[in-house]
Structures are given as structure tokens and as C-alpha cells.
Asker: 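Got a structure for you, written out below as C-alpha cells; questions coming shortly.
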Amino acid sequence: MNQALKEAKKAFLLGEVPVGAVVVYKGTIIGRGYNKKISTNDPTMHAEILAIKEASRYLRTWHLEECSLYTTLEPCSMCGGALLNSRIGKVYIGTRDPRMGSLGSSINLSNIKSFNHSFKVEFGILERESRDLLGNFFKVIRQRKKLSKKD
């Protein structure tokens with residue numbers, strides 16, 4: 001999760017929502033990603049999607065059953081769908097997203113019986129650090145908005 005946090009900090013420095021993700025296969029990181037939605041004007045450029053794509057290229061397959069994904073924020077439904085479609089083995093999450101989280105907070109895509117795949121989810125890995133990074137980011141955004149209103 002420390003490596004996912006490093007990815008999230010890259011997003012923070014670019015003015016992106018600081019979410020980072022890594023895919024691990026047999027103890028080795030094979031995919032990394034951080035949010036790039038704003039800088040690319042592409043709503044699909046989420047950390048999890050980018051990490052999954054890199055891992056799939058590395059393994060030369062879209063089947064990631066033997067892989068785990070570590071992410072600083074609970075994935076949205078788009079990313080949850082990508083996790084299902086990649087057949088990911090397990091997902092470790094820093095902090096929950098009560099509004100958009102798709103792996104247990106607002107909905108749970110990880111274990112719907114009618115789907116042909118399910119995966120285990122574990123919350124709370126470096127939760128404070130993940131939550132604080134997001135909180136600091138939005139604090140900076142609010143301060144910037146406040147200052148721009150004064151001008």
C-alpha cells in the first residue's frame with residue numbers, strides 16, 4: 001500500500017484527486033497508476049484502470065486471477081467493473097468512499113452471485129494515510145476557491 005500511496009502523491013502534485021493503485025503478482029508490482037482524469041480530459045483515466053492495463057500488458061493476458069490490487073480509495077463502479085472483468089484475485093483498500101465506492105460502501109460489485117467472478121476485499125490498509133492525503137487535497141482545493149472569490 002505504501003507504493004499505492006506514492007502513486008497517489010504523484011496525482012496530488014498534478015492537481016488530480018490523489019488516488020494511487022498498484023497490481024501485485026507473486027510479490028512483484030507489475031502495474032502502477034494514479035489518477036490522470038483532469039490532466040488528460042479522459043474520465044476513464046483512474047488509478048485502478050491504469051494499473052490494471054499495465055499489469056495486463058506485463059502478463060500478456062487480461063486474466064489477473066493471481067494478482068492483487070492495492071488502492072488508496074475504494075474504487076468507483078467503473079473501476080469495480082474493470083476489476084471484475086480482469087478477474088482480479090483480491091483488492092486491498094486504504095479508505096472507503098461512502099458516496100461512490102463500489103466494493104462495499106454504496107454498492108458491492110465484488111460478490112454478486114449472478115456474476116461469473118467474485119473477489120475478496122480488505123479495507124483499512126494504511127487507512128489514515130490514505131484518508132489524510134485525500135483530506136489535505138480537498139482542503140487545498142477549498143482554500144484556492146476561497147482565495148479566487150476574493151479576487
Side-chain angles (χ1 to χ4, degrees), residues 1-59 64-112 115 117-147:
M1 187 61 82
N2 281 315
Q3 293 300 311
L5 275 166
K6 283 183 181 181
E7 294 299 311
K9 289 173 185 174
K10 292 176 187 177
F12 187 105
L13 293 173
L14 290 175
E16 298 274 358
V17 176
V19 178
V22 296
V23 174
V24 176
Y25 174 70
K26 295 183 178 180
T28 300
I29 294 174
I30 62 167
R32 295 175 179 274
Y34 58 89
N35 277 0
K36 296 180 182 178
K37 181 170 111 173
I38 297 167
S39 59
T40 62
N41 289 314
D42 183 342
T44 67
M45 298 291 275
H46 287 202
E48 298 88 347
I49 301 283
L50 296 170
I52 289 168
K53 284 183 174 187
E54 192 172 291
S56 293
R57 280 191 300 271
Y58 179 88
L59 292 176
L64 303 180
E65 300 96 341
E66 296 181 46
C67 298
S68 297
L69 179 119
Y70 292 77
T71 183
T72 57
L73 180 65
E74 181 180 3
C76 69
S77 58
M78 175 182 68
C79 294
L83 291 164
L84 283 165
N85 281 293
S86 72
R87 308 296 194 266
I88 200 77
K90 187 164 183 180
V91 177
Y92 297 92
I93 299 169
T95 191
R96 290 183 181 270
D97 184 348
R99 291 191 334 233
M100 297 289 286
S102 73
L103 301 184
S105 292
S106 67
I107 59 172
N108 190 352
L109 297 177
S110 68
N111 64 3
I112 295 175
F115 288 176
H117 180 69
S118 63
F119 52 88
K120 296 195 181 306
V121 177
E122 187 175 329
F123 285 92
I125 314 300
L126 295 181
E127 182 176 8
R128 184 182 49 79
E129 294 86 343
S130 298
R131 189 181 57 240
D132 288 352
L133 184 61
L134 284 158
N136 290 337
F137 175 79
F138 288 111
K139 186 177 181 180
V140 167
I141 296 296
R142 285 189 299 275
Q143 288 171 343
R144 285 183 188 159
K145 284 182 181 179
K146 195 175 187 179
L147 288 173

Asker: Is there any salt bridge (Lys or Arg N to Asp or Glu O under 4.0 Å) pair reaching into residues 99-112, and which pairs are they, with sequence neighbours excluded?
Answerer: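 Every pair satisfying salt bridge (Lys or Arg N to Asp or Glu O under 4.0 Å) with a residue in residues 99-112: there are none.
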Asker: Within the structure provided, determine whether Ser118 and Ile112 are in side-chain contact (heavy-atom separation under 4.5 Å).
Answerer: no
Asker: How would you list, by chain and number, every residue that makes a side chain to side chain contact (heavy atoms under 4.5 Å, CB included) with Ala21, sequence neighbours excluded?
Answerer: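 Applying side chain to side chain contact (heavy atoms under 4.5 Å, CB included) to Ala21 gives Ala47, Glu48, Ala51, Leu69, Thr71.
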Asker: Would you please name every residue forming a side-chain hydrogen bond (donor to acceptor under 3.5 Å, both in side chains) with Ser106, sequence neighbours left out?
Answerer: none
Asker: Please list all pairs meeting ring-ring contact (aromatic ring centres under 6.0 Å, His included) that have one or both residues in residues 68-110, counting only residues at least two apart or in different chains.
Answerer: Tyr70-Tyr92
Asker: Which side chain to side chain donor-acceptor pair (under 3.5 Å) pairs, counting each pair once, include a residue from residues 121-133, with sequence neighbours left out?
Answerer: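 Found Lys90-Glu122.
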Asker: Between Val23 and Ile52, what is the shortest heavy-atom contact and its length?
Answerer: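 Closest heavy-atom pair between Val23 and Ile52: CG2-N, 4.1 Å.
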Asker: For residues 69-79, which residue pairs pass the salt bridge (Lys or Arg N to Asp or Glu O under 4.0 Å) check, not counting sequence neighbours?
Answerer: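 Those involving residues 69-79 do not exist here.
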Asker: Just jot down the salt bridge (Lys or Arg N to Asp or Glu O under 4.0 Å) partners of Glu7, sequence neighbours excluded, or say none.
Answerer: Lys10, Arg32
Asker: Side chains of Lys145 and Arg142: closer than 4.5 Å at any heavy-atom pair?
Answerer: no
Asker: Do Val17 and Phe137 come within less than 4.5 Å of each other through their side chains, counting heavy atoms only?
Answerer: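 Yes, side chains in contact.
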Asker: Would you say Thr72 and Leu133 make side-chain contact, with heavy atoms under 4.5 Å?
Answerer: no
Asker: Short question: side chain of Ser102, backbone of Pro75 - any donor-acceptor pair under 3.5 Å?
Answerer: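 A pair under 3.5 Å: yes.
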Asker: For Met78, what residues pass the side chain to side chain contact (heavy atoms under 4.5 Å, CB included) criterion, not counting sequence neighbours?
Answerer: Thr44, His46, Ile49, Cys76
Asker: Is it the case that over 12 heavy atoms from other parts of the model lie below 6.0 angstrom from the OH atom of Tyr58?
Answerer: no
Asker: Would you say CE of Met45 has more than 12 non-hydrogen atoms from neighbouring residues, nucleotides or ligands within 6.0 angstrom?
Answerer: yes
Asker: Sequence neighbours left out, what passes side-chain hydrogen bond (donor to acceptor under 3.5 Å, both in side chains) with Ser68? Give chain and number order.
Answerer: none
Asker: Tell me which pairs pass salt bridge (Lys or Arg N to Asp or Glu O under 4.0 Å) where either residue lies in residues 75-89, with sequence neighbours left out.
Answerer: none
Asker: Can you run down the side chain to side chain donor-acceptor pair (under 3.5 Å) pairs that involve residues 12-29, sequence neighbours left out, and say none if there aren't any?
Answerer: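 Listed by first then second residue: Glu16-Ser39.
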